[in-house]
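In the text below, chain A, chain B and the rest are named by the order of the sequence lines, each starting its count at 1.
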Amino acid sequence: MSKFPSEKPVLVTCGLPYANGKAHVGHLRTYVPADIFVRSLRKTGQEVTFVCGSDTHGTPIVVNAEELKTTPGELVKKYHEHFDHTFKDMGVIFDAFGTTDDPTNHERTVDIVNRLIDNDYVYPKIIEIAYCARCDRFLPDRYVKGTCPHCGEDARGDECDQGCGKHLEPGELEVPVCTICGGVAEYKEQEHYFFKLSEFKDFLLEHLKDLEGTTNARNYAIGWIKKELTDWCITRNLEWGVRFPGHDDLVVYVWVDAPIGYISFTEEWAEANNDDWEKYWKGDSRIIHFIGGDIIYHHCIFWPAMLKGAGYSQPWSVVASGMLKIENKTFSKSRGYVVWVGEDYLEHGFHADLLRYYLASYTSHTKELNFSWDVFQEKINSELVGVFGNFLYRILLFAHKNYGEIPAGNIDQEVLDKIGYTIEDTTESMENYEFKKYVDTAMSLASFGNAYFQSREPWKLIKEDKDACGKVLANCIQIAKALVILFEPVIPTKMEIAWEQLGMETDIHATPYSEAMVEIKEGTRLQKPSILFEKIEDDTTKKMDNISSERVRKAIEKECGKKEETKMETKENITFDDFMNLDLRAGTIVKAEAIKRSKKLLKLEIDLGEDIPRQIVAGIKATHDPEQLPGKQVIVLSNLEPAKLCGVESNGMVLAGVDENGDAILLAPEKKVAPGTRIG
RNA sequence: AGCGGGGUGGGGUAGCCAGGAGAUCCCGACGGGCUCAUAACCCGUAGACCGAUGGUUCGAAUCCAUCCCCCGCUACCA
């Protein structure tokens with residue numbers, strides 16, 4: 001019942017890295033498993049094409065380039081090369097790694113957009129776009145900032161990043177300001193183009209029903225579609241990007257030309273290898289997308305609808321990886337919870353295969369994966385060094401010392417069976433994108449090998465019966481051969497060396513799983529084996545831990561400093577009268593309870609010396625236990641106009657500060673005072 | 001609050017859809033053994049009221065109901 005090898009052509013892609021920043025371990029959570037998957041498919045005899053490339057368009061790149069006083073083209077080139085190198089260094093080998101700014105992609109995007117237009121899936125609509133009169137330009141997405149219509153916080157044009165985090169459509173932002181000149185922007189009507197996504201609802205539901213891959217992707221997408229599908233605005237006012245056909249002032253939205261990169265990279269690969277790209281994108285094929293969990297929406301909804309609308313083949317499988325944590329903390333570049341692939345890992349001399357092993361074996365692909373140096377050390381030392389590496393080394397050294405070649409001896413049926421079952425189990429795991437299971441199953445064969453060797457005590461046998469001992473060794477070497485083949489997808493460069501140590505002269509990367517059952521040849525010369533995996537010392541992990549915590553410390557400092565600065569700058573002087581308008585009072589909390597529907601809010605009743613206690617809502621749930629609060633005194637701004645929060649009325653504001661961890665610190669009187677005591 | 005995913009010994013997991021004997025495996029901890037090997041390997045021990053409560057059943061981690069908690073994407077953060 002295995003799905004591979006299949007007669008249908010198989011194409012594997014990885015979500016495109018955005019060429020606007022360095023590669024971190026979070027990226028690898030998608031790329032490493034994809035590479036393992038591809039290598040494994042090839043071992044089943046499946047032909048696969050594996051493509052990826054840099055995502056180069058969109059406003060963040062343009063804005064970032066302007067800030068760095070460079071051009072988008074230069075910026076993109078720099079990071080494209082960075083990703084290309086990093087992936088190669090990590091053993092992630094694509095058949096093609098292009099960019100979405102390649103001419104191929106421009107042409108393919110225009111073709112697809114034209115087809116969508118011809119098929120009547122695109123229509124123009126007049127919408128209001130922020131426009132800066134001083135710069136004489138329209139301001140898409142992040143070129144404009146202003147006030148969020150939902151929460152009133154400062155927000156960027158496409159998203160309320162400081163406040164509620166909500167996605168903003170063009171024209172929604174209030175009090176728009178141009179980010180280039182700082183001048184006040186205005187809204188101006190302009191014609192933009194929309195893709196009729198809403199018409200694809202039935203198609204998408206049908207498509208998703210049969211979609212292979214991980215369930216997180218499918219369920220998530222189905223949920224979205226059932227809610228609502230609105231048409232997508234697919235044009236932007238930008239210089240940088242793919243021209244929208246027939247409109248020199250418009251560019252196609254990044255999320256249109258980015259996935260089309262999958263097609264154009266396939267074309268580039270086909271061009272270079274004299275092959276045919278249409279068998280994947282126009283025929284009955286198996287297109288497998290490896291992506292991060294954050295872009296499921298685009299790959300399961302927008303992308304297949306576009307392909308369908310333009311008459312191309314749709315994805316067969318979408319494999320979405322879970323999130324990455326660093327030292328058990330939510331991944332965050334700004335907070336310092338990040339591990340850069342180059343400067344934090346490879347440049348410290350760690351072997352790429354070790355990280356590949358960790359990523360593949362920590363947990364299942366869809367769950368969140370914690371990267372911790374201590375766990376890294378423990379896993380590498382006990383599993384790779386202790387179980388697997390030690391097995392290879394002890395048997396090869398023993399064989400080399402006592403025989404100098406692979407000794408004669410039939411392979412036990414028990415051993416062949418064990419290898420056979422292991423291959424069955426591992427390949428099945430791989431088909432289900434269960435990388436951890438694959439590794440664990442393979443590792444259990446190494447344990448079996450250790451037990452086999454140990455229980456037969458060849459170090460004693462060698463003195464009594466050299467032939468019987470040789471047979472034990474032959475069986476062990478057979479197990480080792482299978483292990484090296486099984487582990488090649490996960491730790492490819494280390495397995496090259498191991499393969500050589502086994503006296504093999506073929507290319508391990510091209511060796512199929514079936515070769516594991518082929519009996520080893522007695523008499524093959526064995527060189528003196530070298531140690532494959534070195535132990536990671538405590539000092540090393542301590543050093544890495546220090547680097548991490550230092551970065552977190554600096555990030556906190558920077559964050560606090562920044563807040564101080566901006567606050568000092570933005571607040572203008574007020575008059576004494578202004579201050580006297582604030583009615584500040586000391587009060588005693590008499591009752592506190594959590595507001596169920598909210599993560600952050602507590603409902604407080606505060607005695608301000610009035611007839612009945614005031615009901616005030618405060619965002620301190622995360623830091624304060626409601627049971628501990630009654631009796632405590634706080635300072636309240638009592639004449640703030642009432643508001644409803646999460647449906648609960650709030651008649652004032654409890655004053656609190658924020659410490660370096662972002663935790664709320666309640667202000668309190670120096671000593672107990674009568675409720676209602678005036679402050680100021 | 002809505003949608004999705006998830007809660008099983010210290011960490012990571014299996015089992016759940018098709019309910020049945022002592023809840024699986026790996027790591028870690030502890031004890032012992034062995035010595036070919038990178039102090040590794042082998043054997044053994046402890047450790048889980050299977051998120052909570054109620055229900056169905058002769059029998060539930062597994063089915064049903066309600067609730068709690070964690071993680072994403074949304075709403076809210078006086």
Side-chain angles (χ1 to χ4, degrees), chain A residues 150-153 160 163-167 214-227 292-297 320 322-323 325 328 330 361-364 366-370 372 374-375 378-379 381-387 389-402 434 436-437 439-441 443-444 446-447 449-462 469 472-473 476 529-535 595-602 616-622 636-637 640-648 650-656 664:
Chain A
H150 305 284
C151 69
E153 274 287 344
C160 175
C164 63
K166 204 180 171 189
H167 170 80
T214 51
T215 47
N216 56 343
R218 194 173 50 237
N219 292 344
Y220 183 79
I222 290 174
W224 259 101
I225 294 170
K226 285 191 173 158
K227 235 192 298 180
D294 51 341
I295 49 175
I296 290 172
Y297 180 81
M323 295 290 108
K325 283 185 147 195
N328 242 326
T330 304
S361 67
Y362 183 86
T363 188
S364 65
T366 54
K367 291 198 176 169
E368 72 185 18
L369 184 155
N370 179 31
S372 149
D374 290 346
V375 181
E378 193 184 289
K379 274 186 86 72
N381 286 358
S382 78
E383 296 167 33
L384 239 30
V385 177
V387 177
N390 191 237
F391 173 68
L392 290 179
Y393 188 63
R394 75 198 292 207
I395 65 159
L396 286 174
L397 188 65
F398 193 97
H400 171 260
K401 267 204 300 211
N402 294 293
E434 291 175 311
K436 179 189 169 50
K437 206 171 160 195
V439 173
D440 285 352
T441 306
M443 198 50 92
S444 74
S447 295
N450 274 316
Y452 186 94
F453 187 84
Q454 185 80 13
S455 63
R456 283 161 182 78
E457 302 187 307
W459 55 91
K460 285 183 184 162
L461 209 52
I462 188 78
C469 180
V472 172
L473 263 298
C476 288
S530 60
I531 284 174
L532 218 51
F533 302 102
E534 301 277 355
K535 260 198 153 188
I595 294 174
K596 277 197 175 177
R597 301 186 289 282
S598 167
K599 269 185 203 167
K600 303 183 182 173
L601 301 181
L602 288 185
I616 295 179
V617 176
I620 55 172
K621 189 175 179 178
V636 172
L637 175 61
L640 184 66
E641 74 178 353
K644 265 199 176 177
L645 293 164
C646 260
V648 180
S650 181
N651 303 299
M653 173 172 174
V654 174
L655 299 190

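No hydrogens or angles considered: nothing links the side chains of A:N370 and A:S372 as a donor-acceptor pair under 3.5 Å.
Nucleotides B:A65 and B:G28 have their P atoms positioned 42 Å apart, rounded to a whole Å. Only the P atoms considered, B:C17 is 40 Å distant from B:C76, to the nearest whole Å. Taking atom P on both nucleotides, B:U45 is separated from B:G54 by 35 Å, rounded to a whole Å. With both ends at atom P, the span from B:C27 to B:C41 equals 8 Å, rounded to whole Å. Comparing the C1' positions of B:A48 and B:G15 gives an interatomic distance of 14 Å, to the nearest angstrom. Taking the P atoms as reference points, B:A23 lies 13 Å from B:A60, given to the whole Å. The same atom, C1', is picked in B:C43 and in B:C50; the two are 29 Å apart, to the nearest Å. Atom name C1', nucleotides B:U56 and B:G19: the rounded distance is 11 Å, in whole Å.
If you check every strand for non-hydrogen atoms under 4.0 Å, A:K367 touches sugar and phosphate atoms only. A:G386 comes within 4.0 angstrom of sugar-phosphate atoms only, judged by non-hydrogen atoms across all strands, and of no base. Residue contacts shown for A:G322 are absent, as no nucleic acid heavy atom lies under 4.0 Å away. Counting non-hydrogen atoms under 4.0 angstrom, A:V375 reaches nothing in the nucleic acid. Within 4.0 Å (heavy atoms only), A:I531 reaches at least one base atom of the nucleic acid. A:F391 comes within 4.0 angstrom of nothing in the nucleic acid, heavy atoms only. Here A:S364 lies in heavy-atom contact (under 4.0 Å) with sugar-phosphate atoms only. Residue A:E368 is classed as a sugar-phosphate contact, given heavy-atom separations below 4.0 Å to backbone atoms only. Within the nucleic acid shown, A:K437 has no heavy atom closer than 4.0 Å to any nucleic acid atom. As judged by a 4.0 angstrom heavy-atom cut-off over every strand, A:F453 is placed among the base-contacting residues.
Residues A:A217 and A:A320 approach most closely at CB-CB, 4.1 Å, considering heavy atoms. Residues A:K379 and A:S361 come closest through the heavy atom pair CE-OG, 3.0 Å. Between A:S447 and A:V387, the closest heavy-atom pair is OG-CG1, 3.7 Å. Here the closest non-hydrogen pair linking A:L473 and A:A399 is CD1-CB, 3.8 Å. For the pair A:D294 and A:M323, the tightest heavy-atom approach, listed with the atom from each and the gap, is N-CE, 4.2 Å.
Atom CG in A:D440 sits about 9 Å away from atom C1' in B:G12, given to the nearest Å. Protein atom CG of A:N381 is 12 Å distant from nucleotide atom C1' of B:A39, rounded to whole Å. When the C1' atom of B:G6 is taken as reference, atom CG of A:L369 falls 16 Å away, rounded to whole Å. When rounded to the nearest whole Å, the span between CD1 of A:I395 and P of B:U38 equals 14 Å. At whole-Å resolution of the value, CD in A:E457 and P in B:U35 are 7 Å apart. In this entry the distance linking NZ of A:K436 with P of B:G11 reads 14 Å, nearest Å. Atom CG in A:D294 sits roughly 23 Å away from atom P in B:C3 (whole-Å rounding). Distance, A:N370 CG to B:C27 C1': 15 Å, rounded to whole Å.
Taking a pair to require two hydrogen-bonding distances under 3.5 Å in either a Watson-Crick or a G-U wobble arrangement, B:U53 pairs with B:A65. Across all strands shown, B:C30 is found opposite B:G44 as a Watson-Crick or G-U wobble partner, with both distances under 3.5 Å. Across all strands shown, nothing is found opposite B:A60 as a Watson-Crick or G-U wobble partner with both distances under 3.5 Å. Figure legend. B:A1 is base-paired to B:U74; pairs are counted as Watson-Crick or G-U wobble with both atom distances under 3.5 Å.
Both the sub-6.0 Å distance and the 45° axial angle are satisfied by A:R456 relative to the ring of A:Y452.
Comparing atom distances between the A:N219 side chain and each of B:C27, B:C36, B:G5 picks out B:G5 as nearest. Between B:G72, B:C41, B:C36, one nucleotide has an atom nearer to the side chain of A:T330 than all others, and that is B:G72. With B:C73, B:C27, B:A39 as the choices, the nucleotide that has an atom nearest any side-chain atom of A:W224 turns out to be B:C73. For A:Y220, counting side-chain heavy atoms from C-beta on, the closest listed nucleotide (B:U38, B:C73, B:C34) is B:C73. Closest to the side chain of A:E378, out of B:U35, B:C73, B:C27, is B:C27. Of the candidate nucleotides B:C27, B:G12, B:C41, B:C27 has the atom lying nearest to any side-chain atom of A:S382.
Both A:S361 and A:S447 lie near RNA chain B, and the one whose nearest nucleotide falls closer to the 5' end is A:S361. Residue whose closest nucleotide on RNA chain B sits further toward the 5' end, between A:E383 and A:N216: A:N216.
Phosphate contact (OP1/OP2 of B:C41, side-chain N/O of A:N390, threshold under 4.0 Å): absent.
Looking at A:N381, its side chain never comes within 3.5 Å of a backbone N or O of A:G386 through a donor-acceptor pair.
Residue A:F398 and nucleotide B:C36 are not classified as a stacked aromatic pair, given the requirement of ring centres less than 5.5 Å apart at an interplanar angle below 30°.
Scanning atom types as modelled, one donor and one acceptor separated by under 3.5 angstrom connect the side chain of A:Q454 and the base of B:C36.
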Using residues 389-398 of chain A as the side-chain source, report each donor-acceptor pair under 3.5 Å to any protein atom, sequence neighbours left out, with the distance given to one decimal.
{"from": "A:R394", "atom 1": "NH1", "to": "A:N450", "atom 2": "OD1", "distance (Å)": "2.9"}
{"from": "A:R394", "atom 1": "NH2", "to": "A:Q454", "atom 2": "OE1", "distance (Å)": "2.9"}

